[in-house]
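A short worksheet on the structure shown next.
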Amino acid sequence: MIPPRFDYVKPGGVAEAVSVLSESEEPKVLAGGQSLMPLLRFRLAYPDVVVDLGGLDELRGVRDEGDALWIGAMTTHYEVVRDPLIAAHAALIAQATGTVADPAVRHRGTIGGSLSHADPAGDLPAVALALDAEFLISGPDGDRAVPAAEFFADYLTTALEPEDVLTGVRVPKLDGWTFHYEKFTRTAQSWAVVGVAAAVRRDNGAVAEARVGLTNMGSTPIRARTVESAVAGVPAQRDALRRAADVADAESAPPSDVNAQADYRRHLSRVLTGRALAAAAGI
Ligand SMILES: Cc1cc2nc3c(=O)[nH]c(=O)nc-3n(C[C@H](O)[C@H](O)[C@H](O)COP(=O)(O)OP(=O)(O)OC[C@H]3O[C@@H](n4cnc5c(N)ncnc54)[C@H](O)[C@@H]3O)c2cc1C
């Protein structure tokens with residue numbers, strides 16, 4: 001279908017973008033367009049103005065900020081997968097991003113677009129939650145940082161206001177931790193039926209600490225804190241981790257849809273969490 005009519009603005013800076021967004025009644029930010037363009041073409045969104053961030057080079061790239069990495073919102077999935085700083089300090093992001101869609105989508109889609117869109121079936125929100133990322137937002141009242149635990153409010157709904165721009169995310173370096181993203185799909189390159197983002201710190205043959213984020217197990221990404229507690233101190237052995245993963249769905253409220261019923265998703269989340277923890281622990 002042909003999208004509805006809208007004005008198109010390509011600002012020269014973040015301040016100009018926020019100003020245009022603030023002056024509009026029904027504005028929309030455009031990043032890679034991989035989610036927004038289908039919404040427009042299906043006439044599920046009727047913006048009066050589309051603000052294209054494509055010219056804002058200051059929102060691209062990855063910087064080392066000491067104990068954290070800054071990842072610009074307009075950094076594409078393709079760039080994230082290949083970035084050496086992400087590989088060294090936040091490999092979970094690169095691994096999960098490598099499972100997003102197909103190369104064509106990964107060349108256009110951005111990390112900021114994926115997180116702002118906040119599809120609970122998207123792979124990156126659960127990763128951001130597991131890594132305790134901070135969301136850096138510019139709005140009419142200035143800049144603010146929102147922790148991942150407060151960013152994802154509901155289905156496709158975040159702490160972003162219509163006049164806000166997500167400029168980037170700050171991801172704490174988890175040096176000494178190891179990671180795995182386990183994604184269950186019906187067909188190659190499709191959305192997760194369920195996904196599990198796991199980060200593990202091993203100490204002396206046991207899992208000292210773990211972080212677990214779940215994809216497509218509720219209306220938002222889920223931080224699985226019950227399983228994180230259950231796994232702390234458990235020997236880094238496959239059976240022990242599988243048993244600890246039996247509580248992986250404690251915080252979840254999974255949907256039933258054409259891909260899976262809720263109880264099947266609960267089962268999947270337990271199995272996949274056991275696998276993700278084992279793979280992250282290197283066994
Ligand atoms: C065929 C296909 C398969 C896909 N499969 C997967 C998959 O398996 N896993 C997965 O995780 N994703 C998947 N996606 C989604 C993909 O990751 C998109 O890249 C992502 O959802 C949106 O990123 P984008 O940069 O294209 O954002 P856009 O489509 O441009 O924007 C998405 C939304 O976020 C808002 N937005 C974007 N950037 C900002 C910003 N900086 N500040 C404020 N608001 C912003 C927009 O206004 C819009 O509402 C798939 C997409 C397609 C088309």
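Counting convention: from 1, in listed order, for ligands and their atoms alike. What you see below is based on every heavy atom in this structure, not just the backbone, and it leaves out hydrogens, waters and symmetry mates. Just so it is clear, the model here is predicted, and its values are computed rather than measured.
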Inset, instruction - Report the relative orientation of the aromatic rings in Tyr264 and Phe184; use parallel for angles under 30°, tilted for 30 to 60°, perpendicular for over 60°. - result: perpendicular
Inset, instruction - For Leu53, take its heavy atoms, then give the atoms of ligand 1 lying under 4.0 Å from any of them. - result: 40 (C), 41 (N)
Inset, instruction - Please confirm whether the backbone N or O of Gly66 pairs with a side-chain atom of Lys173, one donor and one acceptor, at under 3.5 Å? - result: yes
Legend entry - Heavy-atom nearest neighbour in the protein, as seen from atom 8 (O) of ligand 1, with distance rounded to 0.1 Å: Lys183 NZ, 3.1 Å
Legend entry - Flag if over 12 foreign heavy atoms under 6.0 Å of CZ, Arg266: yes
Legend entry - Closest protein heavy atom to atom 35 (C) of ligand 1, given as residue, atom name and distance to 0.1 Å: Ser116 CB, 3.8 Å
Inset, instruction - Look at atom 25 (O) of ligand 1 and say which protein heavy atom is nearest, naming residue and atom and giving the distance to 0.1 Å. - result: Thr110 OG1, 2.6 Å
Inset, instruction - State the atoms of ligand 1, each with its element, that fall below the 4.0 Å cut-off from a heavy-atom position in Gly122. - result: 10 (C), 11 (O)
Legend entry - Which residue and heavy atom of the protein sit nearest atom 31 (O) of ligand 1, plus the separation: Leu36 CB, 4.0 Å
Inset, instruction - Using heavy-atom distances, let me know which of Ala126, Gly112, Ser35, Ala31 sits nearest atom 22 (C) of ligand 1. - result: Ser35
Inset, instruction - Could you say whether the N/O atoms of Asp123 and ligand 1 ever approach to under 3.5 Å? - result: yes
Legend entry - Numbered atoms and elements of ligand 1 in range of Leu166, under 4.0 angstrom, heavy atoms: 40 (C), 41 (N), 42 (N), 43 (C)
Inset, instruction - Please write down residue, atom name and distance for the protein heavy atom closest to atom 26 (O) of ligand 1. - result: Gln34 N, 2.7 Å
Legend entry - Side-chain donor/acceptor of Asp48 to backbone N/O of Glu26, under 3.5 Å: yes
Inset, instruction - Just need the protein heavy atom nearest to atom 1 (C) of ligand 1, so name the residue and atom and give the distance. - result: Val105 CG2, 4.1 Å
Inset, instruction - Would you kindly specify which portion of His77 sits under 4.0 Å from ligand 1, judged on non-hydrogen atoms: side chain, backbone, both or neither? - result: side chain
Inset, instruction - Look only at the side chain of Asp83 and the backbone of Ile86, and say whether a donor-acceptor pair between them is shorter than 3.5 Å. - result: yes
Inset, instruction - Give the intermediate values and the outcome of side-chain hydrogen bond (donor to acceptor under 3.5 Å, both in side chains) for residues Ser19 and Ser22. - result: CA-CA 5 Å; Ser19 157; Ser22 306; over 6 Å; no
Legend entry - Closest candidate by heavy atom, reference atom 24 (P) of ligand 1, pool Ala17, Gly32, Gly168, Ala192: Gly32
Inset, instruction - Verify side-chain hydrogen bond (donor to acceptor under 3.5 Å, both in side chains) between Ser269 and Asp249, making sure each step is shown before the conclusion. - result: CA-CA 6 Å; Ser269 71; Asp249 58 325; 4.8 Å; no
Legend entry - Numbering as shown, the atoms of ligand 1 that approach Val165 to under 4.0 Å (heavy-atom distance): 42 (N)
Legend entry - Nearest-option assignment for atom 28 (P) of ligand 1, heavy atoms, candidates Gly195, Pro27, Gly33, Ala101: Gly33
Legend entry - Heavy atom of the protein closest to atom 27 (O) of ligand 1 (residue, atom name, distance): Gly113 CA, 3.4 Å
Legend entry - Shortest protein contact, atom 50 (C) of ligand 1 (heavy atom only): Trp191 CZ2, 3.3 Å
Inset, instruction - May I ask you to check if ligand 1 and Lys28 share an N or O to N or O distance below 3.5 Å? - result: yes
Inset, instruction - Kindly say whether Ala281 contributes a backbone atom to a donor-acceptor pair with the side chain of Arg202 at under 3.5 angstrom? - result: yes
Inset, instruction - Decide side-chain hydrogen bond (donor to acceptor under 3.5 Å, both in side chains) for Ser114 and His77; before the verdict, give the C-alpha distance in whole Å, the side-chain angles of both, and the deciding distance to 0.1 Å. - result: CA-CA 9 Å; Ser114 290; His77 301 318; 3.3 Å; yes
Inset, instruction - Just let me know how Ser190 lines up against ligand 1, side chain, backbone, both or neither, with a heavy-atom cut-off below 4.0 Å. - result: backbone
Inset, instruction - Please answer whether the main-chain N or O of Ala101 pairs with a side-chain N or O of Arg106 as donor and acceptor at a distance below 3.5 Å. - result: yes
Legend entry - Per atom 46 (C) of ligand 1, closest listed option by heavy atom (Thr158, Val29, Ile137, Val14): Val29
Legend entry - Test item: Thr75 side-chain N/O and Gly72 main-chain N/O as donor-acceptor pair under 3.5 Å: yes
Legend entry - Name of the residue among Val200, Ile93, Leu131 meeting side chain to side chain contact (heavy atoms under 4.5 Å, CB included) with Phe179: Leu131
Legend entry - Part of Glu161 within contact of ligand 1 (heavy atoms, under 4.0 Å): neither
Legend entry - Salt bridge present between Asp257 and Arg265 (N-O < 4.0 angstrom): yes
